[in-house]
Number of protein chains: 2
Amino acid sequence: MTTEATTGTRSGGYANGRATREEILDVAMQLFGEVGYRTASLREVASRVGISHPGLLHHFSSKAVLLAAVLERRDEVDEVAFEADLAAGHDYFDALAILIDRNAARPGIVELYATLSAEATSPDHPAHAYFQDRYRRVIAMSVTEFERFHDEGRLRPGTDPLTAARLTVAVMDGMQIQWLLAADTPDTRPDMAAALRAHFAALLTS
Amino acid sequence: MTTEATTGTRSGGYANGRATREEILDVAMQLFGEVGYRTASLREVASRVGISHPGLLHHFSSKAVLLAAVLERRDEVDEVAFEADLAAGHDYFDALAILIDRNAARPGIVELYATLSAEATSPDHPAHAYFQDRYRRVIAMSVTEFERFHDEGRLRPGTDPLTAARLTVAVMDGMQIQWLLAADTPDTRPDMAAALRAHFAALLTS
DNA sequence: GTCTATACAACGATAGAC
DNA sequence: GTCTATCGTTGTATAGAC
């Protein structure tokens with residue numbers, strides 16, 4: 001108990017640690033989405049929050065740590081929406097296509113993930129473990145679904161559920177690159193969700 | 001005519017511009033592959049070549065220009081090998097799988113391309129136009145091949161050649177991410193070429 | 001044309017005062 | 001918890017030797 005009652009804003013004259021942490025996350029997610037993780041500077045994030053950049057580093061000890069916090073929070077939001085789609089009666093693959101469509105409204109986030117998942121392949125990258133875990137989780141979920149289809153005889157004969165799961169994740173990642181790359185040439189921009197559905201159509205029967 | 005006969009090496013006491021240029025390209029490609037484009041510094045490249053970093057900037061006026069030269073050179077090498085595979089009797093999709101397998105022996109190059117193609121989705125990235133052109137070219141080639149299969153009745157009914165081409169490129173890009181990400185956990189590492197063949201098996205008949 | 005030396009602004013990060 | 005001051009490194013620019 002080091003602080004008395006505060007308004008939760010900075011204007012009071014001194015800081016409320018918890019409010020600052022959340023505020024930093026908001027601003028960082030916004031800025032990372034706008035200009036990308038690498039272009040964004042800690043000084044700019046700090047400036048928008050209204051503190052100095054060492055002040056920011058008090059809450060997140062490095063730029064990489066801040067990034068990890070942003071990613072984790074984004075994941076939580078996405079997972080909630082995804083689960084809601086499943087609960088609303090969509091099957092797994094439909095829900096994936098809906099997720100993709102939802103992401104298409106947030107190019108900054110898509111770019112952040114596409115760039116980072118490539119960067120983070122380096123074993124010494126700060127987000128390496130995060131992305132390894134994320135891919136393991138996502139692929140495991142897809143495997144379960146394809147196995148269900150396999151048991152129902154609706155998976156293309158000769159197709160391995162694990163390979164199908166990996167191909168599906170690869171299609172989502174790869175289509176994002178093509179989609180982002182065509183941002184300034186809209187007439188050649190692919191429809192990510194439609195491509196994903198075509199991919200499923202080739203893997204599943206009936 | 002400012003130079004007399006030289007050995008082509010730096011030890012002679014003064015420079016041969018053309019040889020230096022090639023040496024810089026070698027070293028830069030190596031270093032970019034090791035640590036990525038953004039992490040690599042011009043000073044490190046210059047140091048490995050044995051010149052000062054402004055000396056390097058005499059040959060390549062900026063880091064981005066150096067990058068472009070590295071990419072162009074890599075493309076030439078790859079294209080020659082690809083054409084040779086076609087000439088050796090492999091069909092287009094076989095040649096693609098072979099290309100992938102060849103790349104699997106050069107993780108640094110794979111990482112460079114994976115990282116760059118994501119970075120370069122930003123319209124202001126120095127390699128943006130390069131990657132737009134590259135994707136347009138690669139997809140156009142694939143479309144031609146899928147159309148040929150379509151005319152022969154060997155493309156899965158209801159599949160659009162353009163979508164098939166885009167999915168194929170997406171699978172290659174996406175599988176590279178998964179392959180790179182699993183570099184330090186070899187037991188979970190996917191076989192990129194096998195996945196690509198499974199993808200073709202789902203799209204093509206007979 | 002080839003290169004060295006030097007300078008600059010911006011970055012991530014640290015040290016230590018309050 | 002936040003600050004000022006500072007460090008080392010980066011990409012880039014310019015001046016000038018040969």
Side-chain angles (χ1 to χ4, degrees), chain A residues 1-25 27-28 31-32 35-70 119 124-127, chain B residues 1-25 27-28 31-32 35-70 119 124-127:
Chain A
M1 181 87 65
T2 58
T3 64
E4 315 160 45
T6 72
T7 63
T9 77
R10 189 155 324 291
S11 52
Y14 67 124
N16 177 325
R18 238 191 118 53
T20 302
R21 237 191 97 92
E22 291 303 308
E23 205 182 344
I24 291 171
L25 280 181
V27 168
L31 188 62
F32 287 174
V35 303
Y37 166 65
R38 299 202 120 109
T39 310
S41 75
L42 293 179
R43 283 169 176 85
E44 175 65 19
V45 175
S47 161
R48 291 193 185 187
V49 177
I51 60 177
S52 66
H53 83 274
L56 189 158
L57 286 170
H58 169 73
H59 296 278
F60 302 95
S61 56
S62 76
K63 194 184 183 184
V65 168
L66 173 59
L67 168 64
V70 167
E119 278 180 24
D124 59 342
H125 191 284
Chain B
M1 176 93 65
T2 58
T3 64
E4 315 159 45
T6 72
T7 64
T9 77
R10 189 156 321 289
S11 53
Y14 61 69
N16 177 329
R18 180 121 191 93
T20 302
R21 237 190 96 93
E22 291 304 306
E23 205 182 342
I24 291 172
L25 280 180
V27 168
L31 187 61
F32 286 174
V35 302
Y37 166 66
R38 295 204 121 108
T39 309
S41 77
L42 294 178
R43 283 167 177 85
E44 175 65 20
V45 174
S47 161
R48 290 194 187 188
V49 175
I51 61 176
S52 67
H53 80 274
L56 188 157
L57 286 171
H58 169 73
H59 296 278
F60 302 94
S61 56
S62 77
K63 194 184 183 186
V65 168
L66 173 59
L67 170 64
V70 167
E119 278 180 23
D124 59 341
H125 191 283

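Below, read A as the first sequence line, B as the second, and so on, with proteins coming before strands; counting in each chain starts at 1.
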Exercise. Starting at the 5' end of DNA chain C and moving along, which residue's nearest nucleotide shows up first, R18(B) or H53(A)?
Worked result: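 Nearest-nucleotide comparison on DNA chain C picks R18(B).
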Taking [atom1] from [X] and [atom2] from [N], how many angstroms apart are they, rounded to a whole number?
X: I24(B); N: dG1(C); atom1: CD1; atom2: C1'; value: 13 Å
X: L56(B); N: dG1(C); atom1: CG; atom2: C1'; value: 15 Å
X: Y37(B); N: dT10(D); atom1: OH; atom2: P; value: 14 Å
X: F60(B); N: dG11(D); atom1: CZ; atom2: P; value: 15 Å
X: L42(B); N: dC8(C); atom1: CG; atom2: C1'; value: 16 Å
X: R43(A); N: dT6(D); atom1: CZ; atom2: P; value: 14 Å
X: I51(B); N: dC3(C); atom1: CD1; atom2: P; value: 6 Å
X: H125(B); N: dG11(D); atom1: NE2; atom2: C1'; value: 14 Å

Distance-minimising heavy-atom pair for [X] and [Y]:
X: H59(B); Y: T20(B); value: NE2-CG2, 3.5 Å
X: Y37(B); Y: K63(B); value: O-NZ, 2.8 Å
X: V27(B); Y: R48(B); value: CG1-CB, 3.7 Å
X: L56(A); Y: I51(A); value: N-CD1, 3.5 Å
X: L67(B); Y: A127(B); value: CD2-CB, 4.1 Å

Closer than 4.0 Å, any side-chain N/O of [X] to the OP1 or OP2 of [N]?
X: S52(B); N: dC3(C); answer: no
X: T20(B); N: dC3(C); answer: yes
X: H59(B); N: dC3(C); answer: yes
X: H58(B); N: dT2(C); answer: yes

For this session: For the side chain of S41(B), starting at C-beta, report the closest nucleotide among dT12(D), dG11(D), dG12(C).
Result: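 Among the listed nucleotides, the one closest to the side chain of S41(B) is dG11(D).
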Exercise. Which nucleotide in the list dC11(C), dG11(D), dA15(C) gets nearest to the side chain of P54(A)?
Worked result: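 It is dA15(C).
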For this session: Name the nucleic acid region contacted by A40(B), choosing base, sugar-phosphate or nothing; use a 4.0 angstrom heavy-atom cut-off, strictly under.
Result: sugar-phosphate
For this session: Name the nucleic acid region contacted by L57(B), choosing base, sugar-phosphate or nothing; use a 4.0 angstrom heavy-atom cut-off, strictly under.
Result: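 Answer is base: heavy atoms of L57(B) come under 4.0 Å of a base.
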